[in-house]
2 protein chains.
Amino acid sequence: MAPKVSDEYKTKKKIELLQAAKRVFITKGYTRATMQDVMDEAGVSRGALYAYFDNLEHLYLELLQFEDQQDAQFFTPIAGETSWQQITKWLYKQQSEIEKIEQTLSQANSEFFLSLKDQQKQQSYPYITTRYEKMVDVLTAFFAHGTTIGEFKPQLPPEAIARYFISVIDGLMLDTAHLGPEKTKVSEQMEALLFSLRAMLRPTQ
Amino acid sequence: MAPKVSDEYKTKKKIELLQAAKRVFITKGYTRATMQDVMDEAGVSRGALYAYFDNLEHLYLELLQFEDQQDAQFFTPIAGETSWQQITKWLYKQQSEIEKIEQTLSQANSEFFLSLKDQQKQQSYPYITTRYEKMVDVLTAFFAHGTTIGEFKPQLPPEAIARYFISVIDGLMLDTAHLGPEKTKVSEQMEALLFSLRAMLRPTQ
DNA sequence: TTGAAAAACGACATTTGTGTCGTTTATAAT
DNA sequence: ATTATAAACGACACAAATGTCGTTTTTCAA
């Protein structure tokens, strides 16, 4: 049902497949999802799917990159908003994401990352490492900027705060993924994180 | 190679199998491990292993409980040591555990928990939920105790601090599991956690 | 209108793991 | 010793996925 077509067509098709895959991963997570599931969900044949993606791992990796690229630039300083306000806002966004974890890729993400234990694979997917480091960089730069404009008086190296920040979010996600948002008391923990950050950054109001 | 034997024998054998399983899970994680692997590692037949454990999930659950039961009682107040000192000590223990994550069940644990997404399964394994809640309780009680003896002046509800505490550790574990301890700068983050706790608990020296 | 290119199809061979079950074998009690 | 018991064995039938590949179908260009 489709021959010699434009690049545009192929891109479109690919995105379509990625979206079907996304739905699958959200409901089944990464480990329990199969290529078969994606075919079924997308209503496409075995051959078609494999023409676009070699295997589940590659498929997930592409989905990850595709999603990331939507998010991007969240921590570029915004005029008319203090850095502290920005953080708070971002945190609320994270919070609702975690609370709706059932409709999110978070669980699948964790599973995917864990599944790459192999050093071998780690090397073949520098993107994974890069992803983390980029996030560290973005946050570090953000904190540093807030400091230079005199908004923060950090009590710890900005980079340490950045990493710590990421850990808390990831941990909360992990725990919530298998216990549910009621059990982990997401909002309460966000408060605690906010409290910690205030202590670390000493925002000058 | 073994018939009609004492209960003691069976218990021994079971522990032996659990230990083999542990080795497997440490090197392969939960998702990639198979019953076959355990048989091979234990040098035992299919039939034998299945006589003790119905399937991988049950096997892991038993291993988990077995391991937990070794740990137990870590946060009972110790005479001659301040609560703060105890926390610090425990944190160092966690740190070295995370740094040696390759030789630990942490990764497998995360994988196992995530694999139980199903609400169905969640209910059939109340132990999983209990486990988390017990940890919360233990920490909460510990913080509360430190407060009543006037050692802490908590700025947040003890329970909130407890949950938060757990999240940070879990997050650090997760990240370290797939990036390695160098990338996540474990000790630096432990410092940050200590800093946070100090801000939250206000230990009176 | 036609035909070459290639997208999509789906049957198939393979692989890998599972859980069962009839058989063998070692133990402990008599 | 003998024997009933049940632990351990390992072949087997089954299931679920995977990746391949020859075939069919559709589109685009000439």
Side-chain angles (χ1 to χ4, degrees), chain A residues 1-21 24-25 27-63 108 111-112 115-118 120-121 124, chain B residues 1-21 23-25 27-63 108 111-112 115-118 121 124:
Chain A
M1 226 195 270
K4 196 186 213 184
V5 293
S6 64
D7 276 8
E8 195 201 351
Y9 173 90
K10 290 210 277 185
T11 310
K12 221 164 210 160
K13 189 87 193 182
K14 196 164 196 173
I15 292 181
E16 190 186 312
L17 291 176
L18 285 176
Q19 279 164 344
V24 170
F25 287 127
T27 54
K28 305 196 60 170
Y30 176 72
T31 315
R32 306 178 7 147
T34 69
M35 289 296 256
Q36 191 64 60
D37 291 327
V38 179
M39 290 165 218
D40 294 347
E41 175 71 27
V44 105
S45 78
R46 187 156 219 81
L49 182 58
Y50 273 93
Y52 288 91
F53 307 99
D54 286 349
N55 54 51
L56 238 215
E57 224 168 78
H58 282 97
L59 173 45
Y60 198 89
L61 199 64
E62 289 224 36
L63 176 58
E111 289 180 45
F112 178 69
S115 79
L116 297 178
K117 195 180 180 188
D118 252 87
Q120 302 286 10
K121 294 189 179 179
S124 39
Chain B
M1 225 196 269
K4 198 185 211 185
V5 292
S6 63
D7 276 7
E8 194 201 353
Y9 172 91
K10 290 208 278 183
T11 310
K12 220 163 211 159
K13 189 90 193 179
K14 196 163 197 173
I15 292 180
E16 190 185 312
L17 291 176
L18 284 176
Q19 279 162 345
R23 273 173 266 134
V24 171
F25 288 126
T27 55
K28 306 197 57 170
Y30 176 71
T31 315
R32 306 179 10 151
T34 68
M35 289 295 258
Q36 191 64 60
D37 291 327
V38 179
M39 291 165 217
D40 296 347
E41 176 71 28
V44 103
S45 77
R46 189 153 270 297
L49 182 57
Y50 273 93
Y52 287 91
F53 307 99
D54 286 348
N55 55 50
L56 237 215
E57 223 169 78
H58 283 97
L59 173 44
Y60 197 89
L61 199 63
E62 288 223 36
L63 176 57
E111 289 182 46
F112 177 70
S115 80
L116 298 178
K117 195 181 180 188
D118 253 87
K121 293 189 181 178
S124 39

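Quick note on labels: first sequence line is chain A, next is B, and so on, each numbered from 1. Below, each value reflects all heavy atoms present in this structure, side chains not excepted, and no hydrogens, waters or symmetry copies.
For residues 39-47 of chain A, proximity to DNA chain D is found at A:Arg46, defined as any non-hydrogen atom under 4.0 angstrom from a strand atom.
Residues satisfying the side-chain contact (heavy atoms from CB on, under 4.5 Å) test with A:Asn55, not counting sequence neighbours, are A:Glu57, A:His58. Considering only residues two or more places apart in sequence or on other chains, B:Lys14 meets the salt bridge (charged side-chain N to carboxylate O under 4.0 Å, His left out) condition with B:Glu62. Every side-chain hydrogen bond (donor to acceptor under 3.5 Å, both in side chains) that B:Tyr60 has, sequence neighbours left out, goes to B:Asn109. For B:Thr34, the side-chain hydrogen bond (donor to acceptor under 3.5 Å, both in side chains) partners two or more places apart in sequence, or in a different chain, are B:Asp37.
Nucleotide D:dA17 holds its P atom 11 Å from the CG atom of A:Leu56, rounded to whole Å. Atom CG of A:Leu17 and atom C1' of C:dA8 are 11 Å apart (whole Å). The separation between A:Gln36 atom CD and C:dC9 atom C1' is 13 Å, rounded to whole Å. Atoms CZ (A:Phe53) and C1' (D:dT20) sit 19 Å apart, rounded to a whole Å. Rounded to a whole Å, the NZ atom of A:Lys14 is 16 Å from the C1' atom of C:dA8. Distance, B:Lys28 NZ to C:dT16 P: 11 Å, rounded to whole Å.
Pairs passing the salt bridge (Lys or Arg N to Asp or Glu O under 4.0 Å) check and including a residue from residues 40-50 of chain A, sequence neighbours excluded, read A:Arg23-A:Glu41.
Between B:Lys13 and B:Lys10, the closest side-chain pair of non-hydrogen atoms is not below 4.5 Å.
Note on B:Tyr52: only backbone sugar-phosphate atoms sit closer than 4.0 angstrom, heavy atoms only; bases stay farther off.
Which of C:dA8, D:dG19, D:dA8 sits closest to the side chain of A:Asn55 comes down to D:dG19. The nucleotide whose nearest atom lies closest to any side-chain atom of A:Tyr50 is, among C:dT20, D:dG19, C:dC9, D:dG19. Closest contact between the side chain of A:Thr34 and the listed nucleotides D:dA8, D:dA17, C:dC9 involves D:dA17.
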